[in-house]
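As a basis for the values below, the full set of heavy atoms in this structure was taken, side chains included, without hydrogen atoms, waters or symmetry mates. Owing to the predicted nature of the structure, the values given are computational and were not obtained by experimental measurement.
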Amino acid sequence: MNALRRHRALERIWGPRPGWRGKLTTVNNNDIGLMFLALAVTYFVIGGILAMLIRAQLATPRSAFMGPDVYNQVFTMHGVIMMFLFAIPLFEGLTVYLLPKMLGTRDLAFPRLSAFGFWCYAFGGALLILALLAGIAPDGGWFMYPPLSSTLGSPGINADFWLLGITFVEISAISASAEIVVTVLLYRAPGMSLDRLPIFAWYMLVVAMMILTGFPPLILGSTLLELERAFGMPFFQADAGGDSILWQHLFWLFGHPEVYIIFLPAAGVISTVLPVMARTTLLGYGWIVAAAVSLGILSFGIWVHHMYATGIPHMGLAFFSAASTLVAVPTGVQVFAWIGTLWKGRPEMHLPMLWILAFFATFVMGGLTGVMVAVVPFDWQSHDTYFIVAHLHYVLVGGFVFPMLAGLYYWLPNFTGRRRYFKLGKTAFWLVVVGFHGTFLLLHWAGLLGMRRRIDHIEPGSGWELINLLASIGGFVMAIGFALVLIDVVVNAVVAVRGRRNPWQAGTLEWAMPAPSPSYNLASIPKVHSRNPLHDDPDLPVRIARGEGYLGDPGSGLREILTVEIASGRPNSLVIFPTNSALPIVMAFVTGGLFVGMLIKAYWLVPLSLVGVAALGIWWAWSLGSREDQDSRPVGHGLVLPPATEVERPPGWWGSLFLLLADGVFFGSLLFGYAFLWTVAPNWPPPAWLEPGLRGPLLALGGAVLALGGIRLADRALRRDGGPWLGLLLSLAGLSALGAAAVTVLTRTSHDAHAYDATLWVVAGYVVFHATVAGLMTVFLALRAAGGYLSARRVGEARVVRLWTDYAVAVALLGLGAAWLPGVPT
């Protein structure tokens, strides 16, 4: 088969359906990645327009451009859009598009999950934009501190849009992160061991793990605050045992890692682009990986430095101040490694390099002011002033937007297949850089002079008038620069002439395929021997197109892809991916009913949506797998691999493991909140502790034994090619008993009496939910066994259900134990 016939056959297998239906049903990483990027840029434009409205308001004293109500919505939505709808989705889109190409594979691990995540992002973001257009957008600041955001401070529907819309959007981030982790660990070109990973993949592995462990506290906080607003459960109301400081802990447990979640992908772009621009290799690959991992860990230990002014004990202040300054060490390691790379190379001043230099200057300044605010006495003076606003923008714009623009101009030939012809990029660069520093360098000064953040006007004679006028002029210059960047990209993508495949002479695999890349990315999967396979073998792209790698024969008509062993990169199994489907968009739409039902107080819609999601989930899972054992199949070069459905731990097991990691962090955050209220909040202890009695604990212990033993009995029977029925029945009975034990907590407490009771309701509800999910999965497994989908070789699905059952038992014992133990002495 020649290269053209192979291309046509593979495009028929991997490509989207024609017409508009193709965009709605595609699960291909190229389509989903580009859709993510296009929508994120749209939100950036909206957020930028809001920023210009803010600068117009503050350009002159006592401006009547906007009233306080509108201004509050505008500055809140500017922050919300830039943090949640632009920054994270932008690098998600870039990763969804680029990562399979860099790893030398054909798609991400769970294509339908990619599409589901995108549609959740699209629908959740639309909710917030509709609220903005209707004049009922959130107005309590992008971090929504209660009681300003509770029913006491925001009695309308505005705050609910933030709480429900953001939670809906975060489904997308969690989905993408689980997928990225499994893709980096399992889906790579053969021979790509962990020490040969592209540096960008290392960064994204760290970032994805941070999202899985950093976002659940925010999702928990949003859930608790919405429960308080909707049902009067007093988690944040001091007169009923709650504490508004709990929200700040939960928010910044997410919020501080969020800064590094945004920065690290940008650092990954720099570590990829800089060596190419310097015509050399990256200095200190191992040190940079260690620094990225260190930053990922350290970022979780310093959330309190956002809360110095809330009355933290002095010992705690000293600890978190020291930990905050410690972050400068791994950051410095990366910066010095980049400088060393420049030193040993021969840098060329292309446009991506200019943006990297702008990053260096801006981010270093932002980092230095970060060290300043890590020092407690200085933070007390500058807290809630424009100094913090300026510092935040130096870190986020300098540390994220500038590197992403470097990446944009670096990978633009890969996206479009064209070379830049119109030269607007350099003009745009100087307008953005000069305008940015003209705005935010001055705002540092305004903050030091005492100008508070979030004010809707400035007074004459305050001493801030000229500073704000100049800052506003700088802001509009910067906006013109960003508009020129967009025009430059669009014009060059549409009008410019075709370019070479690899114009930068880079060594990584994303340049080994035609540009723009076909739906299948690689005509055959190569074997690699280093981090720069294109430098090892310049003819590799041609040999890939000839089908000389693995899976070069598309004769099966299926979406075939390889998995590898995690550490060594040796081929492990053959996976058949699902085809295009409308299921992801339908499921995202039905999931949206859950949030809309809460938003408009149509609570009947919530259980209806849950049933719909469960039904669609079963349909989703039922379409996978096989009714018969399959022989190992040849994949090329004399290699024969077993199907992934017959390996001990299939990709679905790994995906479940990392989703449960996020779930476990959510549960851990809930227990942290419980302990925090108990030890710190006013109006504790509650009027009465819950007395456990005998029935609840006996149900819990008996249920745990039956559930754990039953699923293992079923697993063992399947491995002997026997019937799993008895084991599944016992496991189902055990999960039912666990759910019943949790119900005893619900029936003996009142959800709105005290924060203690409200917390027990959430803990018990969490246990009931997971016992129900594990029970449904057990029933599903029984139906799959009856349908012939399980055998002694096909036990992967049973392993997945066992994982979820074990988790349900663990959280039941921990959660119910925490609920009952305080009442034991009584």
Side-chain angles (χ1 to χ4, degrees), residues 36 40 43 79-93 95-96 110 113-114 116-121 123-125 127-128 142-144 162-182 203-226 246-265 295-303 306 396 400 588 591 594-595 655-673 762 766 807:
F36 257 115
Y43 285 132
V80 168
I81 288 174
M82 290 305 192
M83 294 298 287
F84 296 105
L85 302 185
F86 161 64
I88 294 173
L90 185 81
F91 74 70
E92 281 178 5
T95 306
V96 168
F110 308 111
L113 194 61
S114 295
F116 173 67
F118 169 76
W119 290 113
C120 286
Y121 163 53
F123 293 153
L127 273 181
L128 288 161
W142 74 274
F143 30 60
M144 295 288 286
W162 190 101
L163 297 168
L164 295 167
I166 293 301
T167 304
F168 195 7
V169 169
E170 297 318 326
I171 294 175
S172 164
I174 296 290
S175 303
S177 301
E179 185 166 33
I180 288 168
V181 172
V182 176
Y203 274 102
M204 291 315 304
L205 180 62
V206 173
V207 169
M209 292 297 291
M210 291 177 69
I211 291 176
L212 290 174
T213 49
F215 277 40
L218 174 67
I219 296 173
L220 172 67
S222 304
T223 304
L224 297 184
L225 187 51
E226 184 57 30
L246 173 61
W247 169 268
Q248 294 196 35
H249 279 293
L250 293 175
F251 184 86
W252 290 115
L253 269 168
F254 144 81
H256 194 77
E258 161 86 344
V259 175
Y260 295 90
I261 286 169
I262 291 173
F263 166 65
L264 285 175
L295 270 180
I297 295 170
L298 279 174
S299 67
F300 285 93
I302 54 179
W303 82 94
H306 293 270
L396 293 181
F400 178 72
T591 305
L594 196 156
F595 296 96
S656 292
L657 181 70
F658 290 107
L659 283 177
L660 287 176
L661 171 65
D663 203 350
V665 175
F666 180 95
F667 183 62
S669 303
L670 177 59
L671 294 183
F672 163 79
V762 177
Y766 183 88
Y807 181 79

Atom pair CG (Leu661) and OG (Ser656), whose distance is rounded to the nearest 0.5 Å: 12.5 Å
Which heavy atom of Ile81 sits nearest to which heavy atom of Tyr43, and what is that distance? CG2-O, 3.1 Å
Between the OG atom in Ser114 and the CZ atom in Phe36, the distance rounded to the nearest 0.5 Å is 7.5 Å
Answer yes or no: is there a side-chain heavy-atom contact under 4.5 Å between Phe118 and Val96? no
Inter-residue atom distance Phe116.CZ - Thr591.OG1, 0.5 Å rounding: 4.0 Å
Residues 162-173, side-chain donor-acceptor partners within the protein, below 3.5 Å, at least two apart:
| from | atom 1 | to | atom 2 | distance (Å) |
| --- | --- | --- | --- | --- |
| Trp162 | NE1 | Trp142 | O | 3.2 |
| Thr167 | OG1 | Leu163 | O | 2.6 |
| Ser172 | OG | Gly117 | O | 3.2 |

In terms of heavy-atom contacts, Ala87 and Ile262 come closest through CB-CD1, 3.8 Å
Could you pull out all donor-acceptor pairs under 3.5 Å where a side-chain atom in residues 252-260 meets a protein atom, sequence neighbours excluded?
| from | atom 1 | to | atom 2 | distance (Å) |
| --- | --- | --- | --- | --- |
| Trp252 | NE1 | Tyr145 | OH | 2.8 |
| His256 | ND1 | His305 | NE2 | 3.3 |
| His256 | ND1 | His306 | NE2 | 2.8 |

Just to verify, what does Ile297 make a side-chain contact (heavy atoms from CB on, under 4.5 Å) with, not counting sequence neighbours? Val293
Can you tell if the side chain of Phe91 reaches within under 4.5 Å of the side chain of Phe400, non-hydrogen atoms only? yes
Those residues that, when tested against Tyr203, pass ring pair (Phe, Tyr, Trp, His ring centres under 6.0 Å) (two or more places apart): none
Applying ring pair (Phe, Tyr, Trp, His ring centres under 6.0 Å), can you list everything that pairs with Phe667, at least two apart in sequence or on another chain? Tyr766
Apply side chain to side chain contact (heavy atoms under 4.5 Å, CB included) to Phe251 and Met144, showing your working. CA-CA 9 Å; Phe251 184 86; Met144 295 288 286; over 6 Å; no
Please table the atom pairs, donor to acceptor, closer than 3.5 Å between any side-chain atom in residues 206-226 and protein atoms at least two apart or in another chain.
| from | atom 1 | to | atom 2 | distance (Å) |
| --- | --- | --- | --- | --- |
| Thr213 | OG1 | Met209 | O | 2.8 |
| Thr213 | OG1 | Met210 | O | 3.3 |
| Ser222 | OG | Leu218 | O | 2.9 |
| Thr223 | OG1 | Ile219 | O | 2.7 |

Residue pair Met83 / Leu396: nearest heavy atoms and the distance that separates them: SD-CD1, 3.6 Å
Can you see which heavy atom on Phe658 is nearest to which on Val182, and at what distance? CD1-CG2, 4.0 Å
Any residue meeting side-chain hydrogen bond (donor to acceptor under 3.5 Å, both in side chains) with Trp247, in chain and number order, not counting sequence neighbours: none
For Tyr807, which residues count as a ring pair (Phe, Tyr, Trp, His ring centres under 6.0 Å) partner, sequence neighbours excluded? His770
From CD1 (Ile261) to OG (Ser177), nearest 0.5 Å: 8.0 Å
Do the non-hydrogen side-chain atoms of Leu128 and Phe84 ever get within less than 4.5 Å of each other? no
Could you pull out all residues at least two apart from Thr95 that satisfy side-chain hydrogen bond (donor to acceptor under 3.5 Å, both in side chains)? none
